Amino acid sequence: MGGFVLPYNKSLKYASRKLRSNMTDAELALWSRIRDGQILNIQFYRQKPIADFIVDFYAPKAQVVIELDGGQHQEENQKEVDKQRDADLSGLGLKALRFNNWQVLKETEAVVEKIYQIVERQLKSPLHYRK
């Protein structure tokens, strides 16, 4: 995928900057564990516009998106929205991971280990094209 840039809605740039300066406790906790190449030397970006979404975290080299879900994501209509969003991201060649805020705050090591495993698998995948 060398040189391939994912499409994004340019009108989301301001909102993504604002979200970066107002991260939730769960986002801050996870960011402290995945930033600066702490997982397999992979660079993650936070609050990244992709297509018509702003994803919580994105690792272009591994083609992984991480979404952290608050309580509103347990509502039935939001589950459907999230399912469609994950399908749209998958259509762009991305692997979407979802964790709820409680998991990140209370089971941090397990969440980080899962991210590590998925990133490692993505990097080894024969379908994976490194940038």
Side-chain angles (χ1 to χ4, degrees):
M1 251 196 206
F4 178 73
V5 177
L6 288 171
Y8 72 95
N9 182 335
K10 289 174 181 36
S11 69
L12 296 176
K13 285 181 85 165
Y14 174 77
S16 70
R17 281 191 205 113
K18 193 168 176 72
L19 287 169
R20 279 193 292 275
S21 63
N22 293 298
M23 294 173 71
T24 66
D25 290 346
E27 289 169 342
L28 287 167
L30 186 57
W31 181 238
S32 74
R33 299 297 305 276
I34 65 173
R35 67 184 299 176
D36 299 327
Q38 293 180 72
I39 294 181
L40 296 168
N41 210 28
I42 294 295
Q43 178 68 44
F44 280 88
Y45 297 91
R46 57 196 170 116
Q47 305 303 337
K48 183 77 172 160
I50 297 176
D52 287 323
F53 313 114
I54 299 174
V55 300
D56 292 329
F57 301 101
Y58 170 55
K61 189 172 182 182
Q63 298 173 315
V64 169
V65 166
I66 301 170
E67 294 282 65
L68 303 187
D69 297 340
Q72 73 276 16
H73 289 268
Q74 297 307 310
E75 297 172 12
E76 209 49 50
N77 63 333
Q78 187 61 46
K79 285 182 182 181
E80 285 303 313
V81 169
D82 290 345
K83 188 176 177 181
Q84 183 59 55
R85 178 182 174 117
D86 291 351
D88 291 347
L89 292 168
S90 180
L92 293 171
L94 303 173
K95 172 72 173 171
L97 304 176
R98 286 191 174 274
F99 301 99
N100 67 48
N101 289 344
W102 184 92
Q103 283 177 293
V104 172
L105 293 170
K106 303 295 184 194
E107 301 174 351
T108 309
E109 293 307 317
V111 169
V112 171
E113 179 61 29
K114 180 69 172 175
I115 294 167
Y116 180 96
Q117 291 170 0
I118 297 297
V119 166
E120 186 175 48
R121 187 177 316 144
Q122 285 289 104
L123 292 173
K124 290 179 178 177
S125 169
L127 300 175
H128 180 78
Y129 302 97
R130 288 185 188 88
K131 289 187 177 182

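Computed from a predicted model, the values in this text were never measured in an experiment.
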Look up atom CG in Asp56 and atom CH2 in Trp31, then write down how far apart they are to the nearest 0.5 Å.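 Answer rounded to 0.5 Å: 11.5 Å.
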
Margin query: Which heavy atom of Ala29 sits nearest to which heavy atom of Val104, and what is that distance?
Written below: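 Distance-wise, the nearest heavy atoms are CB-CG1, 4.3 Å.
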
Item to complete: For the pair Glu67 (side chain) and Val55 (backbone), establish whether a donor and an acceptor sit closer than 3.5 Å, ignoring hydrogens and angles.
Response: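 Not at all, since once roles are kept as given, no pair shorter than 3.5 Å links the two residues.
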
Phe99: ring-ring contact (aromatic ring centres under 6.0 Å, His included) partners, not counting sequence neighbours: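 Phe99 satisfies ring-ring contact (aromatic ring centres under 6.0 Å, His included) with no residue once adjacent residues are dropped.
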
Review point. Taking all atoms of both residues into account, what is the closest heavy-atom pair of Ala62 and Val119, and its distance?
Key: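 So the two residues come closest at CB-CG1, 3.9 Å.
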
Please report, to 0.1 Å, the donor-acceptor pairs under 3.5 Å made by any side chain of residues 39-53, with sequence neighbours excluded.
{"from": "Arg46", "atom 1": "NH1", "to": "Arg20", "atom 2": "O", "distance (Å)": "3.1"}
{"from": "Gln47", "atom 1": "NE2", "to": "Glu27", "atom 2": "OE2", "distance (Å)": "3.2"}
{"from": "Asp52", "atom 1": "OD1", "to": "Asn9", "atom 2": "ND2", "distance (Å)": "3.3"}

Open item on the list: Going by side-chain contact (heavy atoms from CB on, under 4.5 Å), name the residues that satisfy it together with Lys106, two or more places apart in sequence or in a different chain.
Closed with: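 Residues passing side-chain contact (heavy atoms from CB on, under 4.5 Å) with Lys106: Trp102.
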
Considering non-hydrogen atoms only, spot the tightest contact between Asn101 and Ala26 and give its length.
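Scanning both residues completely, I find the closest heavy atoms to be OD1-CB, 3.4 Å.
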
Phe57 and side chain to side chain contact (heavy atoms under 4.5 Å, CB included): which single residue from Val65, Val64, Ile115, Leu30 fits?
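Only one of Val65, Val64, Ile115, Leu30 forms a side chain to side chain contact (heavy atoms under 4.5 Å, CB included) with Phe57, namely Leu30.
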
- Query: CD1 of Ile118 to CG of Leu97: how many Å apart, nearest 0.5 Å?
  - Reply: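 Between atom CD1 of Ile118 and atom CG of Leu97 there are 5.5 Å.
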
### Message
Nearest 0.5 angstrom please: Asn22 CG to Arg17 CZ, how far?
### Response
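Here the interatomic distance stands at 14.0 Å.
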
* Would you check if there is a donor-acceptor pair between the side chains of Glu80 and Gln84 at a distance under 3.5 Å? =>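 Distance-only check fails for Gln84 and Glu80.
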
### Message
Checking one residue: Leu105. Which other hydrophobic residues are in its cluster under the side-chain 4.5 Å linking rule?
### Response
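None; Leu105 is a cluster of one.
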
### Side-chain hydrophobic cluster, 4.5 Å single linkage: members besides Leu12
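Its cluster partners, ordered by chain and number, are Leu19, Ile54.
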
For Arg33, check salt bridge (charged side-chain N to carboxylate O under 4.0 Å, His left out) against everything at least two apart and list the hits.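 So Arg33 forms a salt bridge (charged side-chain N to carboxylate O under 4.0 Å, His left out) with Glu109.
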
Among residues at least two apart in sequence or on other chains, which ones pass side-chain contact (heavy atoms from CB on, under 4.5 Å) with Gln38?
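For Gln38, the residues satisfying side-chain contact (heavy atoms from CB on, under 4.5 Å) (neighbours in sequence not counted) are Arg35.
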
Exercise. Which pairs, with at least one residue in residues 86-96 and sequence neighbours excluded, count as a salt bridge (charged side-chain N to carboxylate O under 4.0 Å, His left out)?
Worked result: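 As it turns out, the salt bridge (charged side-chain N to carboxylate O under 4.0 Å, His left out) pairs with a partner in residues 86-96, which skip direct neighbours, are Asp86-Arg98.
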
Worksheet item: Can you name the residues that form a salt bridge (charged side-chain N to carboxylate O under 4.0 Å, His left out) with Glu120, not counting sequence neighbours?
Response: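 Result, salt bridge (charged side-chain N to carboxylate O under 4.0 Å, His left out) vs Glu120: Lys124.
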
